[in-house]
Amino acid sequence: LQVILPIHALEKRGSTTLAAMHSDPEIEEYCNDLHHYLQPEGCYNVQLIKTADGRVRCFEVNPRISTTFCMVIRAGFDPFKLFCEGVSARNKMVPIPKIRLVRHWINEFVEAD
């Protein structure tokens, strides 16, 4: 396990269009426990909900990079560099920046041939 960076998807339209990264000890502990239970390899993302009474429940584990992966890079964590250079990043307790992702879609219309 290299890092746990909780991202709260605030708005979805197929993919996440608005999200915020913030520290949440319960989510971080849950993800750490899930990782040790499943023993996955490579990049993956965990989708979960946190109930009103504070319980964390996973509903999906994706063995791929998520649409919010750009936030991980923006937070200063580069798993590609770690993989390519063989650097170990065993300290998953990195400072979690309070950043937001606001994704905009642009449509362009052109004359057809």
Side-chain angles (χ1 to χ4, degrees):
L1 181 61
Q2 294 181 346
V3 70
I4 297 170
L5 294 171
I7 298 172
H8 183 189
L10 301 165
E11 182 179 294
K12 292 185 73 77
R13 293 184 184 162
S15 61
T16 303
T17 55
L18 182 63
M21 184 180 292
H22 62 90
S23 181
D24 186 312
E26 289 86 12
I27 289 175
E28 294 165 39
E29 180 180 353
Y30 185 94
C31 289
N32 186 54
D33 292 347
L34 186 67
H35 178 82
H36 290 294
Y37 177 76
L38 296 176
Q39 294 293 308
E41 295 183 13
C43 283
Y44 67 98
N45 68 80
V46 176
Q47 294 189 27
L48 50 84
I49 59 170
K50 189 170 183 181
T51 63
D53 63 352
R55 292 182 300 152
V56 179
R57 297 289 181 248
C58 175
F59 61 87
E60 191 169 289
V61 177
N62 294 308
R64 60 172 172 78
I65 292 173
S66 70
T67 58
T68 56
F69 183 74
C70 58
M71 294 179 75
V72 174
I73 301 295
R74 176 62 176 85
F77 183 77
D78 185 350
F80 300 111
K81 181 178 181 181
L82 295 172
F83 177 79
C84 292
E85 295 180 5
V87 178
S88 176
R90 294 291 175 190
N91 181 7
K92 65 185 180 316
M93 298 303 165
V94 297
I96 298 173
K98 293 183 179 184
I99 59 174
R100 291 175 73 101
L101 168 69
V102 180
R103 181 171 283 134
H104 299 279
W105 300 106
I106 297 172
N107 294 316
E108 182 178 351
F109 297 94
V110 297
E111 292 295 320
D113 291 336

Let me confirm one number: the CD1-CD distance from Ile49 to Glu60, rounded to the nearest 0.5 Å. 12.5 Å
Out of curiosity, does Leu10 fall in the hydrophobic cluster containing Leu5 (side-chain heavy atoms, cut-off under 4.5 Å, transitive links)? no
If every non-hydrogen atom of Gln47 is compared with every non-hydrogen atom of Arg64, which pair is closest and at what distance? NE2-NH2, 4.4 Å
Is it the case that the side chain of Tyr44 and the backbone of His35 share a donor-acceptor pair, with hydrogens and angles ignored and the cut-off at 3.5 Å? no
Evaluate the criterion side chain to side chain contact (heavy atoms under 4.5 Å, CB included) for residue pair Lys50 and Tyr30; output intermediate values, then yes/no. CA-CA 11 Å; Lys50 189 170 183 181; Tyr30 185 94; over 6 Å; no
Looking at SG of Cys43 and CG of Asn62, how far apart are the two atoms once the value is rounded to the nearest 0.5 Å? 12.5 Å
Arg13 atom CZ, over 12 foreign heavy atoms within 6.0 Å: no
Ring geometry between His22 and His8 (parallel below 30°, tilted from 30 to 60°, perpendicular above 60°): perpendicular
Donor-acceptor pairs under 3.5 angstrom involving side-chain atoms of residues 96-103: please list them, not counting sequence neighbours.
unit_1, atom_1, unit_2, atom_2, d
Arg103, NH1, Thr16, O, 2.5
Arg103, NH2, Thr67, O, 2.8

Are there over 12 heavy-atom neighbours, none belonging to Phe59, within less than 6.0 Å of that residue's CZ? yes
Just how far is it from atom CG of Leu38 to atom CG of Asp33, taken to the nearest 0.5 Å? 11.0 Å
Kindly check if the number of other-residue, nucleotide or ligand heavy atoms within 6.0 Å of CD (Glu26) is above 12? yes
Minimum heavy-atom distance between Cys58 and Leu48, given as atom pair plus value: CA-CB, 3.8 Å
Output the distance between atom CG (Leu34) and atom CG (Leu1), rounded to the nearest 0.5 Å. 10.0 Å
